[in-house]
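Presented below is the structure to which this report refers.
Keep in mind the model is a prediction, meaning the values are calculated, not measured. Note that ligands are numbered from 1 as they come in the structure, with each ligand's atoms numbered from 1 the same way. Note that the numbering runs from 1 along the sequence shown for the chain.
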Amino acid sequence: MADRPITRLSFVEDDIAVLTLDDPDKGVNVLSQHVLDELAARFDELEKRGGLAGLVIRSGKPGSFIAGADLREFAAATDVTHEDVVALCTRGRKLFQRLSQCDFVTVAAIDGLCVGGGAELTLWCDRRLMSDDDKAKYGFPEVKIGLFPGWGGASRTQRIVGLSNAVEMVTAGELIDGREAVEMGLATDAVPAERIEQAAIDLIRDEQRSGAYLRDRERWAGPLDINETELGFLGATASAFIQQQTKGHYPAPLAALEVMLGSAGLDIDAACEMEADGMAGVFGTPISRALINVFFLTDRNKKDTGVEGRDITPAKISSVGVLGAGIMGAGIASANMRRGIRVTMTDASQEALAAGVRGIMEEVSYNKQIKGPDVKRAVEMAPMLNATGAYEEFAGCDVVIEAIVENPQIKTQVYAQLESHLRDDAILASNTSTIPITQLAAELNHPERFCGIHFFNPVRKMPLVEVIRGEQTSDETIATAVAYAKRLGKSPIVVNDGPGFLVNRLLLPYMAEAAELFLDGAPIRHIEKAAKAFGMPMGPITLYDVVGLDTAVYAGKVMYEAFPDRVVPSMLLENLVKAGRLGQKSGAGFFVYKDKNKRGQPDPELDPIVAPLLREPQKFTIEQITTRLFMPMLLEATRVLEEKIVRDARDVDLGLIFGIGFPPFKGGLMAWADSLGAKQIVEQLKPIEVLGERMRPTPMLLEMAASGKKFYDL
Ligand code: NAD
């Protein structure tokens, strides 16, 4: 649709032009090469016309300005050289730079999201105005895709808002709102959206009168006024902070910092050249490609309704029931109340219910600013929670989520007592981590309105929700569950029924292998180190202690019953549980926890418990440990794909990144596998195939190794 114009020029007054960006084929404006061509033609037109006092740049999409450069073009640019990237950066920069050199005042009127390349375009304007709406956000999230601004954004920001503010904006990639932009000196004012265009025109008149913009043009074209000591101090503190945040896995923020410090003393053109050169160093690297993949996974998830090929309007959810006031029940209730959804909650134990209510009120009334409970918030929230002992009170709920003990008999008994009290169109869902949904639905009168809505622990932090489709679950139920999870701010994926669903099915073989490695003589600290060096947020042994060893034993049994050919039953975990070592919650598991808030410490008392199970000790390199940890996860993922538990490799990757913190800089498990190639994976498996079925290449992997296909092509 290249012929439909994306930009249009109008003249609100004889000497004031308005350039509107409004891509007729997209929900948001993005800066593709085609749009840059159009902008160049518009700038030519304006320069030719002459006699202008000013130009206002705005978006034709209310609440959305420019969402950045076109990442599909970035993703498609596979064989570009360093020089190609520099040329690409220089072209965009020189185009936008015209906005700071023309003989009229240029003002960006920003309503809505303005990020990345869009923010760079506005930086080259003389002035920026923002709307005071909550949706108006401004910033440079490029580091989140392994890049940094390359159209002069890094160089120009520091000249406008000072080096310290600029370093923070560019290296952290966080967005600011209109008020913050004004405070920083990035925007002149934040005004109501409906007044922004008139405010821009008034600003042009003011600037013409005062000539202030001309003085700023001159100032911003020169080097920054900062001495070596200040530069050195800023560099040292910023780089220490970045290293602590990125743990060496994300190179872009440090590369951006280097460019910004190195170019501070140069004039703007030389600084921009250095910026383009730096950008070429991070563009197209495996890490940036992996992060762009994650961006697309998230984008696809946002648009996903959960049901393909049918247009279903999900039911509106305004009241939710929660059965069980334990860890998960309380977390789910809080998540609902935070989004303005009323909660009715029950528990078999009065004590547990009271404790749950206390925890929920603490969570929902927490105020970040005062770092504690906020009385006003508590008073507002209290009427949204109804703690009860009577199932009749669930009659008004649109969705009821069961989060009671992981026991199929008790769960089905509760459903039998509850179902007759539910409304005819209400959805009943289980938060079970392992029990097949079809099995739980067996005795229900309405299995079509039953599904799994599996939250992850802690609910407040973990973005993933698995929506599990039982054999009889209807499309309407799935569509409503997916829309509901999104309303809670989560990223739901639809998973077909099966033991462990998606995430636990892949996580458990990895955790089990950590226990096996330990019994084979690998020191716990090496196992932890290998996983963390790979990029996992914590080591698998710590994860056992966090999840709880009793829970792990239970889940392990479910997996063993389902897949006895490859799941190794673990005496080690059972012995720890028998010794009362359940993990963090009991004060000791693999580690001992002397202080509730401190990290676990190695514990000599573990030795006599594990000694009888230890095998002939072997020596392992960190690489060997890594291979043993991640191969069983990957092989299980190929089985999950073959069984169509999820649609494709992208669902696996999104599930693992959002569900267990699989390192985003690897792009996800399957993207990582694709980066290695199936052939190399088969090679890596050869020396460990003796360990049995859990390390043998699956038919799918062998087929891919032979054909050279990638998981992302399937
Ligand atoms: P929990 O032990 O903290 O809480 C369970 C609550 O259910 C208890 O308060 C208990 O009194 C109550 N209960 C037991 N029988 C009941 C009944 N008949 N009627 C009403 N209440 C009853 O457990 P949890 O960790 O919150 O787990 C709950 C569910 O969520 C389980 O199915 C579990 O598999 C699943 N889950 C747990 C996690 C996790 O990390 N803990 C993560 C995802 C899913």
Side-chain angles (χ1 to χ4, degrees), residues 321-335 343-360 363 387-391 393-394 400-419 421 428-437 439-440 450-468 485 488 490 492-493 495 499-508 511 538 542-559 582-586 589 655 658-661:
V322 179
L323 306 175
I327 308 178
M328 296 307 289
I332 296 166
S334 304
V343 172
T344 302
M345 175 173 234
T346 193
D347 196 292
S349 140
Q350 274 302 318
E351 262 169 51
L353 187 58
V357 169
R358 267 197 308 279
I360 293 166
E363 190 177 332
T388 175
Y391 284 148
E393 295 190 32
F394 286 78
V400 176
I401 301 172
E402 166 275 306
I404 66 170
V405 281
E406 189 73 342
N407 176 318
Q409 281 80 33
I410 303 184
K411 284 187 195 285
T412 42
Q413 267 166 26
V414 167
Y415 301 162
Q417 290 159 10
L418 175 75
E419 198 182 16
H421 296 288
L428 178 61
S430 176
N431 186 50
T432 175
S433 348
T434 48
I435 309 166
I437 290 302
Q439 177 191 336
L440 288 178
F450 183 73
C451 68
I453 302 186
H454 181 207
F455 291 85
F456 287 73
N457 186 16
V459 178
R460 173 172 40 86
K461 271 201 190 150
M462 303 305 289
L464 186 71
V465 167
E466 288 179 327
V467 171
I468 298 134
L488 296 184
K490 302 293 178 194
I493 52 172
V495 179
F501 313 123
L502 171 71
V503 171
N504 286 337
R505 178 158 170 193
L506 303 187
L507 178 66
L508 287 165
M511 290 176 72
M538 66 176 76
T542 305
L543 189 57
Y544 268 122
D545 280 0
V546 171
V547 168
L549 289 150
D550 49 344
T551 309
V553 166
Y554 182 83
K557 281 194 180 133
V558 173
M559 299 312 277
L582 306 183
Q584 279 181 355
K585 60 184 166 190
S586 72
F658 283 172
I660 63 164

Subject >> Contacts of F394 that satisfy ring pair (Phe, Tyr, Trp, His ring centres under 6.0 Å) - sequence neighbours left out >> reply: none

Original post:
When you look at E393 and T388, which way does the side chain to side chain donor-acceptor pair (under 3.5 Å) test go after all the steps?
Top reply: CA-CA 7 Å; E393 295 190 32; T388 175; 3.2 Å; yes

Please table the atom pairs, donor to acceptor, closer than 3.5 Å between any side-chain atom in residues 410-418 and protein atoms at least two apart or in another chain.
residue, atom, partner, partner atom, Å
K411, NZ, E402, OE2, 2.5
K411, NZ, I404, O, 3.1
K411, NZ, V405, O, 3.4
T412, OG1, P408, O, 2.8
T412, OG1, Q409, O, 3.1
Y415, OH, E402, OE1, 2.5

Original post:
Under 4.0 Å between a Lys/Arg side-chain N and an Asp/Glu carboxylate O for K585 and D550?
Top reply: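 Result for this pair is yes, salt bridge flagged.
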
Original post:
Do any N or O atoms from the side chain of D347 and from the backbone of A325 form a donor-acceptor pair under 3.5 angstrom?
Top reply: yes

Original post:
Does I401 offer a backbone N or O that forms a donor-acceptor pair with the side chain of N431 under 3.5 Å?
Top reply: no

To check your reading of the model: name the closest protein heavy atom to [atom], its residue, and the distance in Å.
{"atom": "atom 29 (C) of ligand 1", "value": "I404 O, 3.3 Å"}
{"atom": "atom 4 (O) of ligand 1", "value": "G326 CA, 3.3 Å"}
{"atom": "atom 18 (N) of ligand 1", "value": "V414 CG2, 3.3 Å"}
{"atom": "atom 24 (P) of ligand 1", "value": "M328 CG, 3.9 Å"}
{"atom": "atom 5 (C) of ligand 1", "value": "A403 O, 3.8 Å"}
{"atom": "atom 16 (C) of ligand 1", "value": "A348 CB, 3.6 Å"}
{"atom": "atom 3 (O) of ligand 1", "value": "I327 N, 3.0 Å"}

**OP:** Answer whether the closest heavy-atom distance between the side chains of F455 and E466 falls below 4.5 Å.
**Re:** no

Original post:
Is there side-chain contact between I437 and T432, with at least one heavy-atom pair below 4.5 Å?
Top reply: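 In short, these two side chains touch, coming nearer than 4.5 Å.
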
Option whose closest heavy atom lies nearest to [atom], chosen from [options]:
{"atom": "atom 32 (O) of ligand 1", "options": "K585, E351, M345, E406", "answer": "E406"}
{"atom": "atom 44 (C) of ligand 1", "options": "T434, I410, I332, N431", "answer": "N431"}
{"atom": "atom 39 (C) of ligand 1", "options": "V405, N457, T346", "answer": "N457"}

Original post:
Taking atom NE2 of H454 and atom CD1 of I493, what is their separation to the nearest 0.5 Å?
Top reply: 11.0 Å

Subject >> Atoms in ligand 1 with a heavy atom of T432 nearer than 4.0 Å >> reply: 32 (O)

Subject >> Enumerated ligand 1 atoms positioned under 4.0 Å from heavy atoms of K411 >> reply: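 That gives atoms 31 (C), 32 (O) of ligand 1.
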
**OP:** Given side chain to side chain contact (heavy atoms under 4.5 Å, CB included), test V467 with V495 step by step and report yes or no.
**Re:** CA-CA 6 Å; V467 171; V495 179; over 6 Å; no

With a heavy-atom distance limit of 4.0 Å, tell me whether [X] approaches ligand 1 through its side chain, its backbone, both, or neither.
{"X": "H454", "answer": "side chain"}
{"X": "S433", "answer": "both"}
{"X": "F455", "answer": "backbone"}

Original post:
Does even one non-hydrogen atom of D347 get within less than 4.0 Å of ligand 1?
Top reply: yes

Original post:
Would you say ligand 1 has an N or O under 3.5 Å from any N or O of Y391?
Top reply: no

Original post:
Do any nitrogen or oxygen atoms of A352 lie less than 3.5 angstrom from nitrogen or oxygen atoms of ligand 1?
Top reply: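 N/O-N/O distance below 3.5 Å does not exist for this pair.
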
**OP:** Please test L464 against K490 for side chain to side chain contact (heavy atoms under 4.5 Å, CB included), starting from the C-alpha separation and ending with a verdict.
**Re:** CA-CA 6 Å; L464 186 71; K490 302 293 178 194; over 6 Å; no

